[in-house]
Colleague: 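Sharing a structure here in structure tokens format.
Every chain is numbered from 1 and lettered A, B, ... according to where its sequence line falls, protein lines coming before strand lines.
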Protein chains: 2
Amino acid sequence: MSVTIKDIAEKANISYPSVSRALSGKPGVSEETRKKILKIAEEMNYQPNALARSLVQNKSSTIGLIIPDILNPYFPEIAKGVEDEAHINELSVFLCNSDWDDTRERKYIDKLLAKRVDGIIIFPTSKRNISEIRRKAGSDLPIIILGGSYAEEGSVSIAIDDVLGAEISVVHLLDKDYRNLAFIGGKSGLSSVDDRLEGFVAGHKKFGLEVSLEMIVESELTFNGGYTAMNELLDRGGQPGAVLAENDVIAMGVIQAIRTRGLKIPEDIAVAGFDDIPMASMTGIDLTTVRQPKYEMGKMAVLELKALLDKEIYSKVNKRLVLKPELIIRKTS
Amino acid sequence: MSVTIKDIAEKANISYPSVSRALSGKPGVSEETRKKILKIAEEMNYQPNALARSLVQNKSSTIGLIIPDILNPYFPEIAKGVEDEAHINELSVFLCNSDWDDTRERKYIDKLLAKRVDGIIIFPTSKRNISEIRRKAGSDLPIIILGGSYAEEGSVSIAIDDVLGAEISVVHLLDKDYRNLAFIGGKSGLSSVDDRLEGFVAGHKKFGLEVSLEMIVESELTFNGGYTAMNELLDRGGQPGAVLAENDVIAMGVIQAIRTRGLKIPEDIAVAGFDDIPMASMTGIDLTTVRQPKYEMGKMAVLELKALLDKEIYSKVNKRLVLKPELIIRKTS
DNA sequence: TTGAAAGCGCTAACAC
DNA sequence: GTGTTAGCGCTTTCAA
């Protein structure tokens with residue numbers, strides 16, 4: 001059993017509320033007794049019990065981070081931003097990996113709510129679960145939504161302009177005279193997929209071009225997803241002039257599929273991605289992509305969360321932070 | 001304020017301990033009342049308070065995961081293993097990113113202890129902090145140490161045989177007639193660095209070769225670290241025949257440095273890494289490397305933790321799980 | 001400055 | 001099967 005403030009109080013011949021005051025730096029104890037108590041606590045190897053403290057204070061100094069795929073380098077970057085900023089603000093973070101699974105995501109939400117987190121930062125798997133959280137959480141929990149245009153009453157959302165991002169990418173490709181572009185992305189229903197597809201179409205429109213439906217391919221949002229989708233596309237005989245992938249990891253799979261067939265990038269097929277994950281800039285890859293300020297987004301998320309917590313406005317807010325995407329042109333286009 | 005079991009009890013005209021029994025599936029309530037209570041709980045949008053429960057049960061169903069660098073793809077893979085297995089076992093995980101910083105690591109340990117985690121899984125920044133945790137944690141906290149040969153009383157360690165891994169890699173390079181090998185790794189004091197260096201020397205010995213000290217270069221354990229270290233080595237004029245990098249991320253930096261100078265891999269310089277992160281197998285990279293079962297290691301860590309928890313042996317244990325490394329030969333050697 | 005008392009939301013032991 | 005009581009470790013009134 002671990003040491004409690006009562007144990008310390010006994011040893012110091014003082015009441016335990018005084019020990020509490022001394023340890024948490026509150027006024028109401030003389031400097032003398034405070035020092036004495038601090039010393040005894042140290043000697044006894046006292047570890048405060050944050051659970052008990054949270055229970056009475058009704059705040060846990062803990063936040064939940066729900067991301068869909070920690071293996072996609074995009075998310076660790078966000079996670080690091082979250083973690084760094086949380087650490088600065090003395091918050092602990094629960095890591096939840098939803099695996100793009102709706103049900104699992106909901107389970108995590110329940111868990112986090114039970115653990116009485118002070119707020120939730122979520123990169124949602126679908127639009128549906130968002131209102132679900134808001135409902136379950138009641139009105140007193142800050143929710144920060146990452147990476148998508150989710151306008152939900154009672155939350156702050158942070159994302160780049162996905163439509164614009166895809167559009168400038170497509171315009172760049174068409175400018176360079178690539179034609180017959182393909183879009184390889186995830187299932188409809190995910191905000192980023194829908195928005196980027198919208199930008200894909202918008203970019204074409206600027207050139208007076210139509211998008212053909214066969215050139216829009218659904219895939220898992222992973223390396224293998226991109227690899228498989230690209231192979232299917234090529235098997236079908238429809239060789240595109242360029243491919244816009246919904247994210248960089250998919251783009252990597254696309255590149256792998258193209259190269260495995262002995263085709264050259266960008267001579268035979270150009271490729272562009274989304275996110276600008278670290279490996280995109282590697283020699284040997286050199287992927288053209290739309291950069292997102294991932295680390296900063298993670299930091300912002302915690303900062304916004306803190307702001308809500310301080311102001312205690314929680315659910316009355318409905319703020320959308322839209323960041324500017326930046327096209328990074330490299331050798332694959 | 002949120003709904004409590006007392007609120008439910010009131011509404012159901014029953015005592016609140018009965019509500020507790022009903023909700024946690026314990027015997028002592030009739031099926032009838034249980035159903036009734038479950039229904040009311042649902043209606044009132046009841047969220048159990050895990051903090052209160054943890055306080056009385058003296059267990060939090062929460063574990064801490066301390067890793068040094070979530071941006072290195074090696075660690076997300078481990079984290080995913082941990083997270084998946086934790087999720088299966090109804091455990092939540094606190095993510096802590098130590099950034100290879102001793103002090104920060106110690107802060108996290110204190111935080112986790114305060115939050116009364118049921119156990120800690122740590123990839124330590126140095127050998128020193130290990131005994132520190134054991135001391136602070138007292139005798140009743142399971143500690144699982146990842147990625148290094150840390151024999152510490154009262155813990156389970158899980159790692160591949162780093163010495164052997166480096167040795168088979170060096171033997172492979174020497175077999176292929178590469179000579180004048182360089183080792184680029186982190187600071188001494190980190191178990192994996194020391195052990196891999198030992199294997200580096202051992203491999204040479206098998207060929208009756210000596211290692212020259214100028215060929216052992218210290219670097220940050222990152223892409224930039226590898227990039228900088230390799231450039232320094234080349235600037236010095238000492239062009240190695242091959243480079244063994246302490247990990248794949250460093251190897252990527254090394255590759256970048258070599259290619260930026262217009263040198264060819266493996267014709268001019270061969271490169272081998274450690275870990276087998278996903279991008280190592282990308283066309284355009286094709287890195288020869290020593291594979292670690294990262295995901296499995298993460299899962300094992302939780303499983304071992306659970307086992308300690310169930311047996312309540314905690315600190316009396318001293319178990320070392322040494323896994324077999326596997327050399328994956330690709331085009332960089 | 002200090003102590004006494006209450007209570008955060010829950011579980012567990014015991015009595016009925 | 002159900003209610004009563006106590007208590008987990010802490011903070012926070014309120015008196016002294």
Colleague: Could you state the atom-to-atom distance from CD1 of I14(A) to P of dT1(C) in whole Å?
Modeller: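 These atoms are roughly 12 Å apart.
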Colleague: Would you call K39(A)-E42(A) a salt bridge at under 4.0 Å N-O?
Modeller: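 The answer is no: the pair does not qualify as a salt bridge.
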Colleague: Grab the CD-C1' distance between E31(A) and dT2(C) for me, whole Å please.
Modeller: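 One finds 15 Å between C1' of dT2(C) and CD of E31(A), rounded.
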Colleague: Between the side chains of R104(A) and E83(B), is the shortest nitrogen-to-carboxylate-oxygen separation below 4.0 Å, so that they form an ion pair?
Modeller: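 R104(A) and E83(B): salt-bridged.
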Colleague: Are K59(B) and dC8(D) close enough that a side-chain N or O sits under 4.0 Å from OP1 or OP2?
Modeller: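 K59(B) to dC8(D) OP1/OP2: no side-chain N or O under 4.0 Å.
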Colleague: Output yes when D102(A) and R128(A) qualify as a salt bridge under the 4.0 Å nitrogen-oxygen rule, no when they do not.
Modeller: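 Salt bridge present between D102(A) and R128(A).
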Colleague: Rounding to a whole Å, what distance do you find between K115(A):NZ and dG9(C):P?
Modeller: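 Distance check: K115(A) NZ to dG9(C) P gives 18 Å.
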Colleague: dG3(C), OP1 or OP2 - any side-chain N/O from S18(A) closer than 4.0 Å?
Modeller: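 Yes, S18(A) has a side-chain N/O under 4.0 Å of OP1/OP2 on dG3(C).
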Colleague: Starting at CG of N13(A) and ending at P of dG3(C), how long is that distance when rounded to a whole Å?
Modeller: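 Value for this atom pair: 9 Å.
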Colleague: Estimate the overall bend of the helix from dT1(C)-dA16(D) to dC16(C)-dG1(D) from the end axes over five pairs each, rounded to 10 degrees.
Modeller: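 Nearest ten degrees gives 40° for this helix.
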Colleague: Does OP1 or OP2 of dA12(C) have a side-chain N or O of Q57(B) closer than 4.0 Å?
Modeller: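 Result: yes.
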Colleague: Measure from the side-chain heavy atoms of V56(B) and tell me the nearest of dG9(D), dA6(C), dG9(C).
Modeller: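 From the listed options, dG9(C) comes nearest.
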Colleague: Mark yes or no for a side-chain to base donor-acceptor pair under 3.5 Å between R21(B) and dG3(D), with no hydrogen or angle criteria applied.
Modeller: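 Answer is yes: a donor-acceptor pair is held.
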Colleague: Considering every strand and a 4.0 Å limit on heavy-atom distances, what is the contact class for S54(B): base, sugar-phosphate, or nothing?
Modeller: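 Touches nothing.
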Colleague: What is the distance from CZ of R34(B) to C1' of dG1(D), rounded to the nearest Å?
Modeller: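 It works out to 11 Å between those atoms.
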Colleague: Between E77(A) and K80(A), is there a salt bridge with N-O shorter than 4.0 Å?
Modeller: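 Result for this pair is no, no salt bridge flagged.
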Colleague: Heavy-atom nearest nucleotide on DNA chain D for S15(B) versus A52(B): which residue maps closer to 5'?
Modeller: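 In this pair, the answer is S15(B).
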Colleague: As an exercise, state the distance from CG of L95(B) to NE2 of H87(A), rounded to the nearest 0.5 Å.
Modeller: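 One gets 11.5 Å once the value is rounded to the nearest 0.5 Å.
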Colleague: Looking at Y46(B), I'd like to know whether one of its side-chain N or O atoms comes within less than 4.0 Å of OP1 or OP2 on dC10(C).
Modeller: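 Affirmative; the distance criterion is met.
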Colleague: Within less than 4.0 Å of OP1 or OP2 of dT2(C), is there a side-chain N or O belonging to S30(A)?
Modeller: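 Yes.
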Colleague: Taking atom P of dG7(D) as reference, at what distance in whole Å does atom CG of L55(A) sit?
Modeller: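 Roughly 17 Å, once rounded to whole Å.
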Colleague: Classify S20(B) by what it touches in the nucleic acid, base, sugar-phosphate, or nothing, heavy-atom distance under 4.0 Å.
Modeller: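 Here S20(B) touches the bases of the nucleic acid.
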Colleague: Roughly how far, to the nearest 0.5 Å, is the CD atom of Q47(A) from the CG atom of D110(B)?
Modeller: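 Answer for the CG-CD pair, D110(B) versus Q47(A), is 6.0 Å.
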Colleague: Starting at CG of N58(A) and ending at P of dG7(C), how long is that distance when rounded to a whole Å?
Modeller: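 Value for this atom pair: 16 Å.
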Colleague: Would you say dG9(D) has OP1 or OP2 under 4.0 Å from some side-chain N or O of T4(A)?
Modeller: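 For dG9(D), OP1/OP2 do not have a side-chain N/O of T4(A) under 4.0 Å.
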Colleague: Please pick, from dT12(D), dT2(D), dA6(D), the nucleotide with the shortest atom-to-atom distance to any side-chain atom of V29(B).
Modeller: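 Of all the options, the side chain of V29(B) is nearest to dT2(D).
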Colleague: Measure the shortest side-chain to side-chain distance between V93(A) and L91(A) over non-hydrogen atoms and say whether it is less than 4.5 angstrom.
Modeller: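 A side-chain contact is absent here, since even the closest heavy-atom pair is not under 4.5 Å.
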Colleague: Look at the side chain of P17(B) and decide which nucleotide, out of dA12(C), dA5(C), dA6(D), has an atom nearest to it.
Modeller: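 For P17(B), the side-chain atoms sit closest to dA12(C).
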Colleague: Check the distance between dC10(D)'s P and E10(A)'s CD and give it to me in whole angstrom.
Modeller: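 The distance from CD of E10(A) to P of dC10(D) comes to 14 Å, rounded to the nearest Å.
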Colleague: Does D7(A) come within less than 4.0 Å of K11(A), counting only side-chain N to carboxylate O?
Modeller: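 Salt bridge between D7(A) and K11(A), a charged N being under 4.0 Å from a carboxylate O: no.
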